[in-house]
Amino acid sequence: MSTPTPANTQPAATAAAPEAVKPSNFLRQIIESDLEKGTYATRRWAGSPGDAAHHAKGEPDPAKIRTRFPPEPNGYLHVGHAKSICINFGLARDYGGVCHLRFDDTNPEKEDTEYVNSIIDAVKWLGFDWAQLGQAPGSAAPYQASDYFDFMYRAAEYLIEAGHAYVDEQTPEEMRVNRGDFGKPGVNSPFRTRTPAENLARFREMKGGKLADGAAVLRAKIDMASPNINMRDPAIYRIRRATHHNTGDTWCIYPMYTFAHPIEDALEQITHSFCTLEFEDQRPFYDWLMDRLCEGGLLAAPAPKQYEFARLNLTYVITSKRKLAQLVQEGKVNGWDDPRMPTIVGLRRRGYTPAAIQMFAERIGVTKSDSWIDYSTLEGCLREDLEAKAHRGMAVLDPVKLVLTNWDEVMGPGHLEPCQLPALPHPPEGTESPIRHFTIGKEVWIEREDFAEVPPKGYKRLYPPRPGADGQMLPGNTVRLKGGYVIECTGCTKDADGNITEVLATVVPDTKSGTPGADTVKVKAAITWVGVADGVNAEVRMYDRLFSDAHPDAGGKNFLESLNPNSLKVVTAIVEPSLANAKPDDKFQFERHGYFVADRVDHRAEKPVFNLAVGLKDSWGK
């Protein structure tokens, strides 16, 4: 028996070229203005990151722009990161540029190769690649901030020698108090007047391991009275005796993120450094540092520029890495890839596709002000993507047996009648839909809700004969078994407790779908079903939103109190035989129920497992 294979929803390794002109936004306007003015036209690229002397030996940069996606490898990426990935890689693609994947691995205590590998996998799965122009997709290794530690140390020494940095040995509490606040200027450190030579010697002692953790920091010397507290001599190096996942124990001092990040951008010849709004107050230091290092000839001009956009705020979701880790550690979910999690691995296991997430990122746009996006927008993108490509199949999630009492008489004892339906109701233009095959016999499974002993008003599915207004018995209702025959309900059987165990009906001969007699009997409803003879048992996980509160952690609320107790229900369902050959990650529409995915971890041929990705329509809260 032939069975259709679901459409492949995986993307190629590289994102497809844009099909049409993209809607404009302020980031696109910045890029287009820079391209028109030739702001970065004189840049050179030596084939790898490096300082000014390195790039001076290179050729004119073939990339019109360079962007970057710079995650810290201290956790799994979530849907907010997906937006940033789509923005940075998408803009580079659309403007003839390159986007770098770079790990900001400057904090050895929280980072791990597990997270590095998960990030690489997530970016590739979303459909993007960080290969340089002229390189084959998948051929380039990601960049790592830790590969630049030598230059960062050299840059720190230059700042010390130029009088722009000093070693401060105040206690953390003294530094906090002397920093001032929004209404009070800071107080100069007593160590601020050391000579460059004294600072350089002390900094080298920090590097040499002669000072204890926390005993000293290297600070930029800017302005302790600045109205921007981030410019009040920010720390740029601290002592941390911790083994780094990439450099091991080579270093016992590590650069601060705000110092490292601009340098990373500059070494990689980034033109447009896009980040979220919480870094807006750090932009003056970004520019200050670039100006100082370009003045000293360490970095090539023009330096990169930072621009901020609003982060993703999605209802019914939390994106705090700390809180997501708490959900995992306390067993509230089944790991980082639990389909209820907003992590990219969770969304993937839930059944989301790269195309749906890219569509979502484009649909919500890019703005400079924070706003909330309703979760239904994300769900709508998945429905839209799967509608045309997910193969259809029938599944009974709450089964009760339907017995066709006259089947043997009409069709012959034990007869199984072959049936078929298209797998895609609307196949791509110029193609034909694959066909799914199944059989109907004397016994089939139907949804328990498709039979009502006492039907409510307007009910069009199965119900038994009942007395009419004149006392005469009216026949039971007739419906079509989709893809099969018209049947007429005659009653039901019950157990000793009054529970319905079987629904009884008769088959109307010569009404099989697709035959000349199919329209001889008019019915008001068609119901889905699965044959007892060839149905396949499957575990179906009915996932819902993890939180019942649209803003589970707003206003200092305990987000755990908003956990949705019905976010997961597991049922034993019966699915049609065309689903028996599903492979992990194959997507389907279970007719009338929603879109489902064969679980990429637990699904096996001998024990099928399907996850509800999204319902056929948005019914949340209705």
Side-chain angles (χ1 to χ4, degrees), residues 13-14 30-31 34-35 37-71 88-89 91-106 116 120 123 128-159 161-162 246-247 250-251 255 257 259-275 286-287 289-307:
T14 305
I30 289 169
I31 292 171
D34 284 338
L35 291 175
K37 293 184 296 186
T39 303
Y40 296 98
T42 60
R43 286 178 310 120
R44 305 182 79 80
W45 174 250
S48 60
D51 61 11
H54 174 76
H55 287 301
K57 301 173 185 175
E59 300 294 326
D61 195 344
K64 292 183 179 179
I65 67 169
R66 288 185 183 269
T67 61
R68 82 290 171 271
F69 175 63
N88 283 287
F89 281 93
L91 289 173
R93 171 199 63 199
D94 293 349
Y95 289 99
V98 171
C99 181
H100 298 182
L101 174 60
R102 175 213 307 148
F103 293 110
D104 259 316
D105 53 350
T106 58
V116 169
I120 290 173
V123 175
F128 297 105
D129 191 272
W130 49 91
Q132 298 297 318
L133 295 176
Q135 291 182 329
S139 62
Y143 295 131
Q144 301 180 97
S146 54
D147 288 337
Y148 311 146
F149 281 169
D150 285 337
F151 178 87
M152 292 177 190
Y153 180 81
R154 175 182 151 208
E157 287 207 342
Y158 164 76
L159 292 176
E161 291 172 330
N246 182 39
T247 60
T250 301
W251 297 88
Y257 176 84
F259 175 75
H261 187 81
I263 290 176
E264 296 157 24
D265 285 348
L267 294 176
E268 295 176 15
Q269 291 288 64
I270 299 303
T271 58
H272 301 83
S273 181
F274 299 129
C275 57
Y286 187 110
D287 294 340
L289 182 60
M290 292 295 92
D291 289 344
R292 301 292 81 74
L293 296 182
C294 286
E295 287 170 0
L298 279 74
L299 296 178
K305 291 291 184 181
Q306 175 180 300
Y307 304 94

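Keep in mind it's a predicted model, so treat the numbers as computed, not measured.
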Within the structure provided, determine whether [X] and [Y] are in side-chain contact (heavy-atom separation under 4.5 Å).
| X | Y | answer |
| --- | --- | --- |
| K305 | T39 | no |
| I120 | W130 | yes |
| I31 | Y307 | no |
| Y148 | P255 | no |
| N246 | F103 | no |
| H55 | W45 | yes |
| S48 | H54 | yes |
| T271 | D34 | no |

Decide, yes or no, whether a salt bridge links [X] with [Y] under the criterion of side-chain N to carboxylate O below 4.0 Å.
| X | Y | result |
| --- | --- | --- |
| R66 | D61 | yes |
| R154 | E157 | no |
| R68 | E268 | no |

Enter the distance from [X]:[atom1] to [Y]:[atom2] here, rounded to the nearest 0.5 Å.
| X | Y | atom1 | atom2 | value |
| --- | --- | --- | --- | --- |
| I65 | Q269 | CD1 | CD | 14.0 Å |
| L299 | Y158 | CG | OH | 10.0 Å |
| D147 | E264 | CG | CD | 10.0 Å |
| L289 | I263 | CG | CD1 | 5.0 Å |
| K64 | L35 | NZ | CG | 7.0 Å |
| D150 | D51 | CG | CG | 11.5 Å |

Do you know which two heavy atoms are closest between [X] and [Y], and how far apart they sit?
| X | Y | result |
| --- | --- | --- |
| R43 | P302 | CG-CD, 4.3 Å |
| D129 | G138 | OD2-N, 2.6 Å |
| C99 | A92 | N-CB, 3.6 Å |
| P60 | R44 | CD-NH2, 3.9 Å |
| A300 | C294 | O-SG, 4.0 Å |
| L133 | G97 | CD2-O, 4.2 Å |

Can you tell me which residue among D287, D265, L267 is in a side-chain contact (heavy atoms from CB on, under 4.5 Å) with P304?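 Exactly one option meets the side-chain contact (heavy atoms from CB on, under 4.5 Å) with P304, and it is D265.
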Do side-chain atoms of R93 reach the backbone of F128 as a donor and acceptor pair under 3.5 angstrom?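 It does not hold such a pair.
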May I ask you to decide if V98's main-chain N or O and Q132's side chain share a donor-acceptor pair within less than 3.5 Å?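 Checked: no pair found.
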Pairing donors with acceptors under 3.5 angstrom, does anything connect the side chains of T106 and H261?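 Their side chains do not contain a donor-acceptor pair, so the 3.5 Å distance test is not met.
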Aromatic rings F149 and W251: how do their planes relate, parallel, tilted or perpendicular, breaks at 30° and 60°?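 Correct class here is perpendicular.
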Return the orientation label for the Y143 and H100 ring planes: parallel under 30°, perpendicular over 60°, tilted otherwise.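 Correct class here is perpendicular.
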